[in-house]
Amino acid sequence: MPRILLTGATGYIGSHTWLALLAAGHRVIGVDNFANSSPKVLERLHKLSGQAPVFIKADVCDGVAMRQVFDEHRIDAVVHFAAYKAVGESTEKPLEYYRNNLQGLINVAAAMQVHGVQRLVFSSSATVYGRPQSLPLTEDAPLSSTNPYGTTKLVGEQLLREMEACTPGWSLAYLRYFNPVGAHPSGEIGEDPRGTPNNLMPYVAQVASGARPELQIFGNDYDTPDGTGVRDYIHVMDLAAGHVAALSHLLGGSASFTVNLGTGRGYSVLEVVRAFERASGRPVPFKVVARREGDVAACYADPTLARDLIGWSAQRGLDEMCDDTWRWQRLNPRGFG
Ligand code: NAD
Ligand code: WQD
C-alpha cells in the first residue's frame, strides 16, 4: 500500500484528492498549516472515509518540521499542493508569494532528497501558459508569467526540472490544472474562500444563495461567442482522479511527465451563470463592468496527452459542476464556519 504525503492537504484540491487516494487504496499523510483552510476539513474527511486522517500541522517553509515529517513516516511519493494561489494578492505581496511557494517547494524537495523519496506530483497551473498564443493549449505551448503567482509556478517547474536532471532516479508529474470548480457530491467538502471570492464559481454560488447581491461580469466585449471570458472549468472530483492516475503512473516506474488537466471544453461566464441558475433554481443577477486587468479572452486545454499517457480524462460536465457547487453552498452557507 503506497504511502503518499500530501502538503496543503486540507485545502480545496488537497482534501478531494485525499479521499480519492484513500478510495484507491493508498495511505495518506496530510500536512497543512491552515493558512487557507480549516481543521474542520479533517472531521469531514474522517466522516466520509470512515478512517481517522493521519495529519501533521506544519508549515512547509519550516525545513526542520518538514524533515521531521519524513523522519517519522515512511513515504513513497509526495503530492505538493501547499501554496498561496490568489493572483491579485500576489501582485500586492510578491515577496510572500515567492517565499511561501518557492521556499516551501525547496524544503519539500530537500527533505525528499535526504530521505531518498523520488516521486513527486507538483501542482502547476494553466497560468504557466501566460497569454495563450493559440488554442487549445498543448503542453509544448510557450510558457510565460503575467503575475508573481504565475512566476512561482513557472519557476517551481523549472527548479524541479533542474533538480531531476541532477538527481538520478527522480520522476515527477507536472500537472497543469485549468479552472477547478465543483465539490464532493456529499456536500461535506468544497471550496471555502476567505472573504470575497476571487474566482467566478464561488462568487456565483454566493450570489445564488443571497449572500451577495449581484455578480460583476468582467467585460462582455471579448472576441468570444457571447463576448464574455471563456475558461476550461474542471470538476474537482475529476482533478482528484487525475492525481490518482498520475501517481499510479509514477509508482509504476514511468519517467517524468507534464500534462494538462482540463476538459478541453471552454464555457463563457454567461454560460456558467445560466447553468448555475438551472442547478440552483435561483436567479443570479449580474452587471457587466470593465474587463479585469490581466484577463485573457479564452483559455482551454488540449487534454489529449493526459488521456494517452496516464489514461485519465474528465468525466463531469458543467451541470454537474454547478449541481455539486450548489449542494456544498446550500449545506454550508458559511463554508467550514
Ligand atoms: P487552497 O488554498 O485551498 O489549498 C492550499 C493549501 O495549502 C491550504 O490548505 C493552505 O492552508 C496550505 N498552505 C499554504 N501555504 C502553506 C504552508 N506554507 N505550509 C503548509 N500548508 C500551506 O488551494 P487549492 O485550490 O486547493 O490549490 C492547491 C494547489 O493547486 C496550489 O498549489 C495552487 O497553486 C494549485 N492550483 C490551484 C488552482 C485553483 O484555481 N484552485 C489552479 C491551478 C493550480
Ligand atoms: C473566470 C472567468 C473572469 C470573477 C484564475 C487564475 C489561474 C488559476 C485559476 C491558479 C474570467 C470572469 C470572474 C468575477 C467575472 N488559478 N469573472 N466575475 O482568472 O481564469 O483563473 O483561477 O492557478 O491562475 O488566474 O479564473 O474564476 O477568476 O475567472 O466575470 O467576479 O470569470 O473575467 O473570464 P481565471 P476566474
Side-chain angles (χ1 to χ4, degrees), residues 1-32 41-42 44-46 48-58 60 65-83 104-105 107-124 156 160 163-164 167-177 184 189 236-259 261 305-313 315:
M1 223 189 248
R3 292 160 190 260
I4 315 295
L5 174 69
L6 302 190
T7 71
T10 47
Y12 173 45
I13 305 169
S15 55
H16 290 80
T17 302
W18 192 329
L19 283 178
L21 287 169
L22 291 178
H26 296 282
R27 292 200 182 163
V28 176
I29 300 127
V31 166
D32 206 295
V41 171
L42 296 168
R44 303 281 175 96
L45 291 175
H46 192 164
L48 288 168
S49 68
Q51 302 176 36
V54 179
F55 179 77
I56 303 133
K57 183 176 178 211
V60 293
M66 284 317 291
R67 280 199 299 280
Q68 206 173 335
V69 168
F70 282 77
D71 285 340
E72 290 172 4
H73 299 269
R74 188 173 70 72
I75 290 161
D76 298 303
V78 179
V79 186
H80 181 56
F81 293 108
L105 177 61
N107 288 347
V108 168
M112 286 174 61
Q113 206 175 32
V114 168
H115 288 81
V117 179
Q118 299 189 314
R119 307 277 175 270
L120 173 71
V121 176
F122 178 59
S123 286
S124 189
L160 290 172
M163 182 72 205
E164 61 169 296
T167 322
W170 271 45
S171 64
L172 285 82
Y174 301 85
L175 304 184
R176 295 178 178 159
Y177 318 151
H184 192 272
I189 56 171
V236 68
M237 296 292 289
D238 280 328
L239 201 54
H243 290 75
V244 177
L247 271 169
S248 51
H249 199 60
L250 284 183
L251 292 166
S254 84
S256 297
F257 60 93
T258 303
V259 291
L261 296 183
L305 187 61
R307 187 195 65 200
D308 293 351
L309 197 64
I310 62 172
W312 172 90
S313 57
Q315 303 297 313

Q: Kindly say whether Ile4 contributes a backbone atom to a donor-acceptor pair with the side chain of Asp76 at under 3.5 angstrom?
A: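 Side chain of Asp76 to backbone of Ile4, a donor-acceptor pair under 3.5 Å: no, none is there.
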Q: Working note: Leu5 + His73, criterion side chain to side chain contact (heavy atoms under 4.5 Å, CB included); need CA distance, chi angles, decisive distance, verdict.
A: CA-CA 9 Å; Leu5 174 69; His73 299 269; over 6 Å; no
Q: Which pair of heavy atoms, one from Gly8 and one from Phe81, lies closest together, and at what distance?
A: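 Nearest heavy atoms, Gly8 then Phe81: O-CB, 4.0 Å.
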Q: Test Thr7 against every option in Ile29, Asn107, Val60 by the side chain to side chain contact (heavy atoms under 4.5 Å, CB included) rule and name the one that passes.
A: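 The side chain to side chain contact (heavy atoms under 4.5 Å, CB included) with Thr7 is passed solely by Val60 among Ile29, Asn107, Val60.
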Q: Determine the minimum heavy-atom distance between Ile310 and Gly242, stating which atoms define it.
A: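 Between these two residues, the closest heavy atoms are CD1-O, 4.1 Å.
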Q: Any side-chain heavy-atom pair from His26 and Leu251 closer than 4.5 angstrom?
A: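 Result yes, sub-4.5 Å side-chain heavy-atom pair found.
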Q: Report the distance from atom CG of Leu175 to atom CG of Leu261, rounding to the nearest 0.5 Å.
A: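 Those atoms lie 5.0 Å apart.
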Q: Mind checking the CE-CG spacing from Met112 to Leu120? Nearest 0.5 Å is all I need.
A: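 Here the interatomic distance stands at 4.5 Å.
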Q: Could you measure the distance from the CZ atom of Arg44 to the OG1 atom of Thr10? Nearest 0.5 Å is fine.
A: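 If we round to the nearest 0.5 Å, Arg44:CZ and Thr10:OG1 are 13.5 Å apart.
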Q: Given the side-chain rings of His46 and Phe55, with only the six-membered ring counted for Trp, is the space between their centroids under 6.0 Å?
A: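 They do not qualify: ring centres at least 6.0 Å apart.
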Q: Would you name the heavy atoms of Val117 and Ile75 that are closest together and state the gap between them?
A: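 What the structure gives for the nearest pair is CG2-O, 3.5 Å.
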Q: Measuring from atom CG of Leu45 to atom CD1 of Ile189, what distance do you get when rounded to the nearest 0.5 angstrom?
A: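 One finds 5.5 Å between CG of Leu45 and CD1 of Ile189.
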Q: Taking His115 for its side chain and Ala111 for its backbone only, find out whether a donor-acceptor pair lies under 3.5 Å.
A: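 Pair found, side chain donor or acceptor close to backbone of Ala111.
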Q: The test is side-chain hydrogen bond (donor to acceptor under 3.5 Å, both in side chains); show your working for Arg176 and Ser124 and say whether it passes.
A: CA-CA 5 Å; Arg176 295 178 178 159; Ser124 189; 4.5 Å; no
Q: Which donor-acceptor pairs under 3.5 Å do the side chains of residues 14-25 make with protein atoms, sequence neighbours left out?
A:
residue	atom	partner	partner atom	Å
Ser15	OG	Gly11	O	2.7
Ser15	OG	Tyr12	O	3.1
His16	ND1	Tyr12	O	2.7
His16	NE2	His184	N	3.0
Thr17	OG1	Ile13	O	2.8

Q: Are any of the side-chain heavy atoms of Phe70 and Val114 separated by less than 4.5 Å?
A: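 Side-chain contact under 4.5 Å: no.
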Q: Describe, in one word, how the ring planes of Phe257 and His249 are oriented to each other, choosing from parallel (under 30°), tilted (30 to 60°) and perpendicular (over 60°).
A: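 Perpendicular.
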Q: Is there a donor-acceptor contact under 3.5 Å from the side chain of Gln315 to the main chain of Ser313?
A: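 Yes; judged by distance alone, with no hydrogens or angles, the pair exists.
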Q: Do Trp312 side-chain atoms and Asp238 backbone N/O form a donor-acceptor pair below 3.5 Å?
A: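 Yes: the side chain of Trp312 pairs with the backbone of Asp238.
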Q: Check side chain to side chain contact (heavy atoms under 4.5 Å, CB included) between Glu164 and all other residues, then give those that pass, not counting sequence neighbours.
A: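 Checked Glu164 against side chain to side chain contact (heavy atoms under 4.5 Å, CB included); matches are Arg161, Trp170, Leu172, Tyr174, Ser256.
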Q: Before giving the answer on side chain to side chain contact (heavy atoms under 4.5 Å, CB included), spell out for Arg27 and Val54 the whole-Å C-alpha distance, their side-chain angles and the decisive distance to 0.1 Å.
A: CA-CA 9 Å; Arg27 292 200 182 163; Val54 179; over 6 Å; no
